[in-house]
Amino acid sequence: MTQLIRRAAPYLAIVAGAVFFYIVARGIEFDAAGTGRIGPEVWPKIILVLMITTAGFGVARALFGPARLEDGLTSSIIHDEVETRPAGAWPQLTLAGIALFVGYTVLLEPLGFIFATALLLGLFMLVGRYRNYKVILATSLGGGLLFFFLFKKVVYLSLPLGKGPFLTATLTIMKLMGMS
Amino acid sequence: MLQDLQHLGFGFLAVFQPMNFAVLLLGLVLGLLVAVLPGLTLVMGVVLALPFTYGLGVTPAVILLTAMYVSGTYGGAFTAILFRIPGEPMDVPLLWDGWKMAQAGEPAKALGYVLFAALCGGLVSSVAMVLLSPPIARLALALSTPEYFAIIMFGLASVVCLGGGAMVNALLSLFIGLFIATVGVDATYGADRFSFGIDILSDGVEYLMVMVGAYGLGEVLTRLHHGFQSEKVENVGGIRTTLPSLKELGLVKGAFARSSLIGMLVGIVPGAGATVASFVSYGVEGQYGRRRDKIGTGIPEGIVAPQTAATSSVGGAMIPLMTMGIPGSGATAIILGAFLLHGMQPGPQVFLKSPDIVYAVFASIFVSVIGMCVLGYFFIKGLVRVLDAPEALVSAFVVLFCFVGAIASRNSLNDLWVMIAFGILGFLFEKYRFPIAPLVLGSILGPIAESNFMTTMISFQNDWTVFFTRPISGIILAASVVAVLYPSFSAWRRRAGGSLETTDQPGPRAA
């Protein structure tokens, strides 16, 4: 039973989400309302109805159908030929990775690009089970500096410089790199 | 015809301008690298490069991405033949004869056949692309919004039918992509939809965030979930390419011809890219080739067929993109994104009013095909060495490129949150076997589909039957329905004990 619910869970989530958005779509207002022309809510409603129907079918198949749904043509050819994903799963690594992405986004402005990026690169390699600490240190520090120079000076991107002492440090580094 | 050749000549002149040539070379190198590197796919590489084309003009931007696309169809062959590691799904058929030939002591010869296959396929399809595109563009000018809507629907249906994952999941992925494209202010009435007063959503969901997040971060999270277990390679030192003789090439000329045609035709079909072309061509060679009884035992035909078709599909995929604005493959969907980023909607109008851009891109494909073969021949050892790079290190920099690409888009840190959300969604999609390609294509083509739909409905006073009563749109929509239902019908027939589909099921034959 748990297995069946687990199989149906993604489809149930999609049905719930689509129903919610369909209700929201009914409240969309537009200027030409009452003129007989179709409104901006029609297209999303069509998609949501199709989504609900298809996901509903998915729920039914998950609960009452075969264990494996038929594949698209490409998968049906490739699937058994090559093991596309290695065995083993480390969900904690995935969560750590997501936490790193969130942390990087939060710290990007206060720390500035160079320091936040060095931190991201180093920690990500550690999370990715790489343990050559010298390489980690060199590539994270070097990567932060190199790509700051590359993106700022060559590609002309506007990158966060940091705040407080990090801003001071970044400006010093920029001066050493010959950037104004 | 003469005018088209004249345009092509100017296109070659444009390609050899310093900036365009430099980005072409850069694109070739990057394409070869992403095809070889573990943790990077061809489409992912093109997606990551896309934001960095902001500062370029539309021509060098498209040349860069197209060069990556072209060389990416070739680079993965090295590792497939030498180490039994397919760089891309399209390289899987090379395991059956290429790896076998390498095991028999002729890896250099196998690489030589791959080089000629890529060269032949690329050049033949480029010629076909130049010849076929102008008449198709002129035909497309005669089409109206109902037909364009139908063509887009057919393109999306093809992606669903031909792509990976279960059909139900592929359809849901597509619908989610189409729905995401409706968030924000609608183009027809300016009404706010599904933003809930949140600034990030009011401007709409940038499809670049969907692409970079789902393809880039999503793939990294998936690989991280599996602990970054990429295989080590050995014996890089003796690697080289030996070109086959003219006589040897003559013996496989049939395979060259068949596979070039197959690759080009498959490439034209939206959603059917190099992977499908490679498998179909190998299957056809195994069914109809002169030495079909020996396919899978390490013969040249088994190398030539998939590689020729894979590279040939590039030219085919560019035809619907440039003439109608419908991407023929995942990578061309990203190239479409490059056009849109620079404010251009490829299609018959651009084809006929800005031929300088179009033919520069065409010319760049010719040069890319030759350039990639030259680079592959001389630098194969260096390229293969990158396989030794630890996957965690490569992925860390992929993540960095994803973030910087997202910042480059609208210079807004808010976009990073959207990208992370789609990265998580991409991971969940992979985990629950929902294909990502329909999601991305839906988010790119959704606004165009809606625009054509709304214009038609307003023009024809809400008469939705017009999509089916107009002959061209009716036929194309019917084909779309068939495309979506075909895999399910095929599966039902198999379950009912009907005859096996002759879908070019590839695989090594017993010696």
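By convention in this document, chain letters (A, B, ...) are assigned in the order of the sequence lines, proteins followed by strands, and residues within each chain are numbered from 1.
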**Request:** Locate the shortest heavy-atom distance separating M454(B) from G39(A); write the atom from each residue and the value.
**Result:** CE-O, 3.5 Å
**Message:** Quick check: do L172(B) and Y11(A) have side-chain heavy atoms less than 4.5 Å from each other?
**Reply:** yes
**Request:** Specify which of I14(A), V42(A), N132(A), I136(A) makes the most heavy-atom pairs with chain B at under 4.5 Å.
**Result:** I14(A)
**Asked** Given that the side chain runs from C-beta out, which part of F57(A) has a heavy atom under 4.5 Å from chain B: side chain, backbone, both or neither?
**Response** side chain
**Message:** Less than 4.5 Å to any heavy atom of chain B: does that hold for the side chain of A25(A), its backbone, both, or neither?
**Reply:** both
**Message:** Measuring only between side-chain heavy atoms, which start at C-beta, is F434(B) closer than 4.5 Å to P10(A)?
**Reply:** yes
**Request:** Heavy-atom pairs under 4.5 Å with chain B are the metric here; pick the option from V102(A), L108(A), L120(A) that has the most.
**Result:** V102(A)
**Asked** When the ring planes of F196(B) and F20(A) are compared, do they come out parallel, tilted or perpendicular, using 30° and 60° as the limits?
**Response** parallel
**Item:** Atom pair CG/CG of L224(B) and L93(A) - distance to nearest 0.5 Å
**Value:** 5.0 Å
**Closest non-hydrogen atom pair between F101(A) and I420(B), with its separation** = O-CD1, 3.5 Å
**Message:** Quick check on L221(B) against chain A: is it the side chain, the backbone, both or neither that has a heavy atom closer than 4.5 Å?
**Reply:** both
**Under 4.5 Å from a heavy atom of chain B, the part of I28(A) involved** = side chain
**Message:** In the structure I gave you, are the side-chain heavy atoms of V404(B) and F113(A) within less than 4.5 Å of one another anywhere?
**Reply:** yes
**Message:** Atom CZ of residue position F460(B) - does it have more than 12 heavy atoms of other residues, nucleotides or ligands inside 6.0 Å?
**Reply:** yes
**Asked** When heavy-atom pairs shorter than 4.5 Å are enumerated against chain A, which of L217(B), L174(B), L56(B), L171(B) gives the highest number?
**Response** L217(B)
**Greatest number of heavy atom pairs closer than 4.5 Å to chain B - which of S158(A), A96(A), P160(A)** = S158(A)
**Fill in**
Closest non-hydrogen atoms of P40(A) and R193(B), given as atom of the first, atom of the second and distance, are O-NH1, 2.7 Å
**Fill in**
The reported gap from CG in L95(A) to NE2 in H225(B) (rounded to nearest 0.5 angstrom) is 9.5 Å
**Asked** F194(B), F52(B), F453(B), F401(B): which one forms the most heavy-atom pairs within less than 4.5 Å of chain A?
**Response** F194(B)
**Asked** Looking at Y130(A) and A392(B), what are the two nearest heavy atoms and their distance?
**Response** CB-CB, 3.8 Å
**Fill in**
Counting heavy-atom pairs under 4.5 angstrom with chain A, the leader among L400(B), L413(B), I424(B) is L400(B)
**Complete:** For residues 140-150 of chain A, the side-chain hydrogen bond (donor to acceptor under 3.5 Å, both in side chains) pairs (sequence neighbours left out) are none
**Request:** Give a yes or no on whether Q92(A) atom CD has more than 12 heavy-atom contacts from other residues, nucleotides or ligands under 6.0 Å away.
**Result:** yes
**Asked** Who pairs with E88(B) by salt bridge (charged side-chain N to carboxylate O under 4.0 Å, His left out), at least two apart in sequence or on another chain?
**Response** none
**Prompt:** So, the side chain of R129(A) versus the backbone of G227(B): is there a donor-acceptor pair under 3.5 Å, distance only?
**Reply:** yes
**Item:** Part of T139(A) lying under 4.5 Å from any heavy atom of chain B
**Value:** both
**Message:** Could you check whether any side-chain heavy atom of F397(B) comes within less than 4.5 Å of a side-chain heavy atom of L121(A), counting everything from C-beta outward?
**Reply:** yes
**Message:** Nearest 0.5 angstrom please: E450(B) CD to I46(A) CD1, how far?
**Reply:** 9.5 Å
**Message:** Using only non-hydrogen atoms and a strict under-4.5 angstrom cutoff, which residues of residues 146-153 of chain A touch chain B?
**Reply:** F147(A), F151(A)
**Asked** Where on L157(A) is there a heavy atom nearer than 4.5 Å to chain B: the side chain, the backbone, both, or neither?
**Response** side chain
**Asked** Heavy-atom distance under 4.5 Å to chain B: side chain of L48(A), backbone, both or neither?
**Response** side chain
**Asked** Is there side-chain contact between L100(A) and V399(B), with at least one heavy-atom pair below 4.5 Å?
**Response** no
For residues 175-186 of chain B, dump all side-chain donor-acceptor pairs below 3.5 Å to protein atoms at least two apart in sequence or in another chain.
{"unit_1": "T182(B)", "atom_1": "OG1", "unit_2": "F179(B)", "atom_2": "O", "d": "2.5"}
{"unit_1": "D186(B)", "atom_1": "OD1", "unit_2": "Y189(B)", "atom_2": "N", "d": "3.3"}
{"unit_1": "D186(B)", "atom_1": "OD1", "unit_2": "G190(B)", "atom_2": "N", "d": "3.0"}
{"unit_1": "D186(B)", "atom_1": "OD1", "unit_2": "A191(B)", "atom_2": "N", "d": "2.8"}
{"unit_1": "D186(B)", "atom_1": "OD2", "unit_2": "T188(B)", "atom_2": "N", "d": "3.0"}
{"unit_1": "D186(B)", "atom_1": "OD2", "unit_2": "Y189(B)", "atom_2": "N", "d": "3.0"}

